[in-house]
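Worksheet: one structure, shown below.
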Amino acid sequence: MRLGLALGYWGRGPSLGHVRLAQEAERLGYDSVWTAESWGSDAFTPLTWIAAHTSRIRLGTAVAQMAARSPVTTAMHALTLDHLSGGRMMLGLGLSGPQVVEGWYGRPFPASPLTATREYVDVLRQVLRREAPVELAGRFHSHPYRGPDATGLGKPLKPITHPLRPDLPVLLGAEGPKNVAQTTRIADGWLPLYWSPTRPEVYGPALGDLPEGFLVAPMAQVRVCDDVAEGLLPVKAMLGFYIGGMGHAARNFHADLMARMGYEAEARRIQELFLSGRREEAVLAVPDAFADEISLVGPRERIAERLESWRKGPVTDLLVLSPDPHTLRVLAELNSR
């Protein structure tokens, strides 16, 4: 199991320590570093900055939001950074949810998310392979555009720039069983948001027969500390926000996933508290047991013991959410045993 460093997205302003963390991860032998976006900083610019200050570590987006860019624009970002970094780019994508797609990007959330994702990846692959001009008469993506307001002057085009790698890895963030199953068919890897080594069945039967070389790269908060309960507080804070606030009360994919993992009543309670403005109570309502099973928190010996369960399943890459160089070093030492 390889290790990756997950840096997430910026908060109020730039995260000044990210380059140093990426350099330390590279020195420790981490295989990859990943950036993200929500509705603030973008995923590609910080990753490019990190690329300029590192030499070996692979570079991934976890995740770039599909609604933010047309598939050809995303392909342009990816092929450009792949050239600039010497072939280190991995493209992680996610559909997000209706609240972000319609509220932030001002676009309709697709009525058929699976179809929209499949078309998006199809266009990406066409650009990166550069075998012929891009053409797709899709339900959500049309190249050339032939809608009722089209001029009729559009023509199929190939990228001017020759992509460095036609097989640049494409990974998808997927949560529902049908989405995960499609991901194993159309992508090179999967980016689970919450992964419990003891509950792989939550994601459906698709994980039982993965294609050769398929990447399974979950993110997990990791913290080496003496007090487990205290160490879980940042995990619970993240869960309180995602379960309670990253989606509408009637449609929240993260809350639905928590429910499928055996915590339905708790998920609905977190939503209720968060959406009524009682955010601190929402965080405290996150069960320690749930926060613990999707993270690696506690003394070195406890993390070493629990790390074994992550290695035994289909996980190929553990993406570590931790701003602490000591934790990164301990995990590198434990994983090299």
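All heavy atoms count here, side chains included; hydrogens, waters and symmetry mates do not.
The closest donor-acceptor contact from the side chain of Trp10 to the backbone of Gly40 lies at 3.5 Å or more, if one exists at all. For the pair Arg306 (side chain) and Asp292 (backbone), a donor-acceptor distance under 3.5 Å is present. With hydrogens and angles disregarded, a donor-acceptor distance shorter than 3.5 Å links the side chain of Thr327 to the backbone of Val224. The backbone N or O of His162 lies less than 3.5 Å from a partner atom in the side chain of His83, making a donor-acceptor pair. Judged purely by atom type and a 3.5 angstrom limit, Ser295 has no side-chain atom pairing as donor or acceptor with the backbone of Val297. Of the possible donor and acceptor atoms, none in the side chain of Arg279 sits under 3.5 Å from a partner among the backbone N and O of Gly240. Judged by distance alone, with hydrogens and angles left aside, the side-chain atoms of Arg199 form no donor-acceptor pair with the main-chain N or O of Ser196 at under 3.5 Å. A distance-only check finds no donor-acceptor pair linking the side chain of Ser15 to the backbone of His18 [under 3.5 Å]. Between the Arg130 side chain and the Pro163 main chain, no donor and acceptor come within less than 3.5 Å of each other. Judged by distance alone, the side chain of Thr316 and the main-chain N or O of Val216 form a donor-acceptor pair under 3.5 Å.
By the rule that hydrophobic residues join a cluster once side-chain heavy atoms approach within less than 4.5 Å of another member, Leu328 and Val19 end up as members of one cluster. A chain of hydrophobic side-chain contacts below 4.5 Å, direct or via other Ile, Leu, Val, Met, Phe, Trp or Tyr residues, connects Leu47 to Trp39. Both Val180 and Leu210 sit in one connected hydrophobic cluster of ILVMFWY residues. Membership requires side-chain heavy atoms under 4.5 Å apart, directly or through other members. Transitive grouping of hydrophobic side chains (ILVMFWY, heavy atoms separated by less than 4.5 Å) brings Val72 and Val170 into a common cluster. Leu273 and Tyr242 fall into different hydrophobic clusters, where Ile, Leu, Val, Met, Phe, Trp and Tyr side chains are chained together by heavy-atom contacts under 4.5 Å.
Side-chain contact between Val320 and Tyr30: present, with at least one pair of heavy atoms (C-beta onward) separated by less than 4.5 Å. Within the 4.5 Å cutoff, the side chain of Asp324 has no heavy atoms near those of the Arg223 side chain. At least one side-chain heavy atom of Arg2 sits less than 4.5 Å from a side-chain heavy atom of Arg58. Under the 4.5 Å side-chain criterion, counting only non-hydrogen atoms from C-beta, Val228 is in contact with Pro299. Looking at Tyr120 and Ile186, their side chains never come closer than 4.5 Å, going by heavy atoms from C-beta outward. Using a 4.5 Å heavy-atom cutoff, the side chains of Ile50 and Val33 are in contact. Side-chain contact between Thr115 and Pro110: absent, with no pair of heavy atoms (C-beta onward) separated by less than 4.5 Å. A heavy-atom distance below 4.5 Å is found between the side chains of Leu318 and Leu331.
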Chi angles and distances behind the side-chain contact (heavy atoms from CB on, under 4.5 Å) call for Arg27, Glu24 | CA-CA 5 Å; Arg27 189 188 69 79; Glu24 177 66 3; 2.8 Å; yes
So Met66 and Phe140, side-chain contact (heavy atoms from CB on, under 4.5 Å) or not? Walk me through it.
-> CA-CA 12 Å; Met66 287 185 254; Phe140 299 99; over 6 Å; no
Decide yes or no on side chain to side chain donor-acceptor pair (under 3.5 Å) for Arg185 and Gln182, but give the supporting numbers first.
-> CA-CA 5 Å; Arg185 295 192 302 269; Gln182 174 174 269; 4.5 Å; no
What do the steps show when you test Asp42 against Arg69 for side-chain contact (heavy atoms from CB on, under 4.5 Å), and what is the final call?
-> CA-CA 11 Å; Asp42 78 283; Arg69 307 162 188 88; 3.9 Å; yes
Mind running salt bridge (Lys or Arg N to Asp or Glu O under 4.0 Å) on Arg56 and Asp31 for me, showing each step along the way?
-> CA-CA 8 Å; Arg56 176 197 58 80; Asp31 179 74; 5.0 Å; no
Report the C-alpha distance between Ile243 and Phe274 in whole Å, list the side-chain angles of each, state the deciding distance to 0.1 Å, and finish with yes or no for side-chain contact (heavy atoms from CB on, under 4.5 Å).
-> CA-CA 9 Å; Ile243 302 299; Phe274 194 96; over 6 Å; no
Please assess Arg311 against Glu308 for the test salt bridge (Lys or Arg N to Asp or Glu O under 4.0 Å), listing each intermediate value before the final yes or no.
-> CA-CA 5 Å; Arg311 289 176 175 175; Glu308 291 306 311; 2.9 Å; yes
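Side-chain atoms of Ser96 and Tyr105 form no donor-acceptor pair, as typed in the model, at a separation below 3.5 Å. With hydrogens and angles left out, the side-chain atoms of Gln23 and Arg20 include no donor and acceptor closer than 3.5 Å.
Using a 30° and 60° split on the angle between ring planes, His53 and Trp49 fall in the tilted class, from 30° to 60°. Below 30°, between 30° and 60°, or above 60°: for Trp195 and Trp190 the angle between ring planes is above 60°, a perpendicular geometry.
Annotation: the span from Lys158 atom NZ to Glu131 atom CD amounts to 9.5 Å, rounded to 0.5 Å. Put simply, CD1 on Ile270 and CG on Leu284 are 10.5 Å apart, with the number rounded to the nearest 0.5 Å. Atoms CD and CZ, on Glu333 and Arg329 in that order, are 6.5 Å from each other to the nearest 0.5 Å. Rounded to the nearest 0.5 angstrom, Leu334 CG and Glu301 CD are separated by 9.0 Å. Atom CG of Leu91 is separated from atom CG of Leu59 by 12.0 Å, given to the nearest 0.5 angstrom. Note that CD1 of Ile303 is 6.0 Å distant from CG of Leu296, once rounded to the nearest 0.5 Å.
A salt bridge is absent between Glu266 and Arg269: the closest approach of a Lys/Arg side-chain nitrogen to an acidic carboxylate oxygen does not fall below 4.0 angstrom. Comment: Asp226 does not engage Arg300 in a salt bridge, judged by the lack of any side-chain N to carboxylate O separation of less than 4.0 angstrom.
Shown here for Asp288 and Leu232, the closest heavy-atom pair between the two residues is O-CD1, 3.8 Å. Minimum interatomic distance between Phe214 and Ala187 (heavy atoms only, all atoms of both residues): CE1-O, 3.5 Å. Shortest non-hydrogen contact noted between Val235 and Gln221 is CA-NE2, 3.5 Å. Of all heavy-atom pairs spanning Pro159 and Val127, the tightest one is CG-O, 3.5 Å. For the pair Arg146 and Glu135, the tightest heavy-atom approach, listed with the atom from each and the gap, is NH2-OE1, 4.1 Å. The two residues Arg165 and Asp82 come nearest to each other via the heavy atoms NH2-OD1, 2.7 Å.
The neighbour count for Asp167 CG, taken as heavy atoms of other residues, nucleotides or ligands under 6.0 Å away, is above 12. Counting non-hydrogen atoms of neighbouring residues, nucleotides and ligands closer than 6.0 angstrom, the CE atom of Met76 reaches no more than 12 such neighbours. Within a 6.0 Å sphere centred on CH2 of Trp104, heavy atoms belonging to other residues, nucleotides or ligands number 12 at most. Atom CD of Glu201 is surrounded by more than 12 heavy atoms from other residues, nucleotides or ligands within 6.0 Å.
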